[in-house]
2 protein chains.
Amino acid sequence: MRPDTRLSRMLHVLIHMQHHEGTATSDAIATMLGTNPVVVRRTMAGLRDQGYVRSEKGHGGGWVLARPLEEITLLDIHKALGAPQLFAIGLAGDNPNCTVEEAVNVSLAEAMDEAATILLAKFGKVTLAELAAGAAKASKGKLAMEHF
Amino acid sequence: MRPDTRLSRMLHVLIHMQHHEGTATSDAIATMLGTNPVVVRRTMAGLRDQGYVRSEKGHGGGWVLARPLEEITLLDIHKALGAPQLFAIGLAGDNPNCTVEEAVNVSLAEAMDEAATILLAKFGKVTLAELAAGAAKASKGKLAMEHF
DNA sequence: TATCACGATACTTCATAAGTTACATGATCG
DNA sequence: CGATCATGTAACTTATGAAGTATCGTGATA
């Protein structure tokens with residue numbers, strides 16, 4: 001199964017936009033992500049609808065952050081992307097009379113629900129500002145390494 | 001994304017095999033699951049290699065449980081299927097010099113690792129015998145209902 | 001008015017679980 | 001032995017959804 005990389009990509013973009021003066025065009029973002037500007041617009045559309053970024057047309061247009069990174073969590077972006085499927089595992093069968101099938105699926109669903117709750121709770125606790133800070137620190141570390 | 005239903009299906013089959021006297025052919029299993037016998041053989045191959053079932057050719061051949069359900073956990077079957085991807089979410093980017101990308105992906109990976117640990121721990125604690133017992137109980141409940 | 005950048009549509013590509021076809025191999029029955 | 005049954009395997013097709021692409025419309029700016 002091909003993994004959904006939209007969350008990872010959007011987080012990456014949003015953090016870069018903080019340092020970016022003015023607007024970032026879909027083309028520029030696409031180049032940074034190694035993808036296509038249409039894909040960028042399509043994916044960013046959800047973030048715009050939820051008020052995390054704004055888009056402007058025409059000369060000097062492009063994308064800008066609409067809220068500080070302190071106020072955006074990973075969970076916010078996950079939801080803005082439409083809260084896509086978290087798990088690659090699914091439940092099979094559609095026979096409502098088979099109690100075995102039902103017991104299996106209930107058990108799997110419970111385990112997955114529990115894991116999803118944990119995962120989304122963690123997503124909700126991490127802000128993009130914290131990720132940006134972590135990246136800045138790592139950057140300094142690298143810079144320091146280069147001096148030796 | 002199309003979910004992977006192999007775990008759900010194999011658990012279902014194994015529990016039914018407990019009550020099944022003698023062998024169950026791939027055809028019979030496929031009919032029960034609403035799928036194709038070749039898919040059954042392909043998927044059961046991993047379980048056979050790990051010693052959870054045996055297969056016999058020729059007249060009267062088919063599949064039989066090789067171990068009691070008490071000794072098989074959901075995790076065992078997950079592993080026997082090759083421990084396929086749990087999450088539909090993936091990490092993007094391959095630029096080792098971008099600390100932002102790295103920070104984003106490390107954070108996502110940590111959250112997913114934590115959730116995966118929880119999920120697999122739960123899988124490891126549930127035996128197929130327990131699922132079978134739950135199904136039998138539900139079956140009785142249904143039977144009782146039918147009497148009134 | 002020309003250009004720039006997003007918005008939107010319609011399509012193609014890609015990856016992979018799932019489904020299908022076909023045939024080989026081995027075991028059992030008569 | 002030979003027919004039949006069932007698994008083993010290989011090769012191919014289908015289904016699904018993220019991702020990629022081409023094209024044109026729309027609005028904003030110089």
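A note on names: the letters A, B, ... follow the listed sequences, proteins ahead of strands, and every chain is numbered from 1.
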Among Asp76(A), Leu65(A), Leu69(A), find the residue that satisfies the side-chain contact (heavy atoms from CB on, under 4.5 Å) test when tested with Tyr52(A).
Asp76(A)

Residue pair Trp63(B) / Thr25(B), side-chain donor-acceptor N/O under 3.5 Å:
no

What's the CG-P distance between Leu33(B) and dT20(C), to the nearest Å?
13 Å

Round to the nearest Å and state the distance from Met10(A) atom CE to dA18(D) atom P.
14 Å

Per Ser55(A) side chain, nearest of listed nucleotides dG7(C), dA18(C), dA19(D)
dG7(C)

Main-chain N/O of Leu91(A) paired with Ser8(B) side-chain donor or acceptor, under 3.5 Å:
no

Under a 3.5 Å cutoff, is there a donor and acceptor pairing between the side chains of Arg9(A) and Thr35(A)?
yes

What does Arg54(B) touch in the nucleic acid at a heavy-atom separation under 4.0 angstrom: a base, only the sugar-phosphate, or nothing?
nothing

Reckon Thr43(A) has a side-chain N or O less than 4.0 Å from the OP1 or OP2 of dA19(D)?
no

Determine whether a donor-acceptor pair (one donor, one acceptor, N or O, separation below 3.5 Å) exists between the side chain of Arg41(B) and the base of dT25(C).
no

I need the CG-C1' distance between Leu91(B) and dA18(D), as an integer number of Å.
15 Å

Do the side-chain N and O atoms of His16(A) and His20(A) include a donor-acceptor pair separated by under 3.5 angstrom?
no

Can you check whether Thr5(A) has a side-chain N or O nearer than 4.0 Å to OP1 or OP2 of dA18(D)?
no

In whole angstrom, what separates Met44(B)'s CE from dG8(D)'s P?
9 Å

Ordered by number, residues from residues 20-32 of chain B within less than 4.0 Å of DNA chain D (heavy atoms) are Ala24(B), Thr25(B), Ser26(B)

Phosphate OP1/OP2 of dG19(C) contacted by Thr35(B) side-chain N/O (<4.0 Å)
yes

Test your reading of the model: is there a side-chain donor-acceptor pair from Thr5(B) to the backbone of Ala92(A), 3.5 Å cut-off?
no

Choose from dA17(C), dT21(C), dA19(D) the nucleotide whose nearest atom is closest to any side-chain atom of Val38(B).
dT21(C)

Touch class at under 4.0 angstrom, heavy-atom based, for Gly61(A) against every strand present
sugar-phosphate

Can you see if the side chain of Arg2(A) gets near the phosphate of dG17(D) - specifically, an N or O under 4.0 Å from OP1 or OP2?
no

Whole-Å distance separating the CD atom of Glu56(B) from the C1' atom of dT4(D):
17 Å

Strictly below 4.0 Å: does Arg42(A) bring a side-chain N or O up to OP1 or OP2 of dA19(D)?
no

Nearest whole Å is fine: how far is dC14(C) P from Asp4(A) CG?
19 Å

On DNA chain C, compare the nucleotides closest to Lys57(A) and Gly34(B); which residue's is nearer the 5' end?
Lys57(A)

Sugar-phosphate, base or nothing in reach of Asn36(A), heavy atoms under 4.0 Å:
base

Starting from P on dA18(D), measure out to CD1 on Ile89(B) and report it in whole angstrom.
12 Å

Nearest-nucleotide comparison on DNA chain D, the residue closer to the 5′ end among Gly62(B) and His59(A)
Gly62(B)

Rounded off to whole Å, could you give me the CD-to-C1' distance for the Gln85(A) and dG17(D) pair?
12 Å

Any Arg48(B) side-chain nitrogen or oxygen under 4.0 Å from OP1 or OP2 of dG8(D):
yes

Give a yes or no on whether Asp49(A) atom CG has more than 12 heavy-atom contacts from other residues, nucleotides or ligands under 6.0 Å away.
yes

Closest non-hydrogen contact found for Met17(B) with Val53(B) is CE-CG1, 4.1 Å

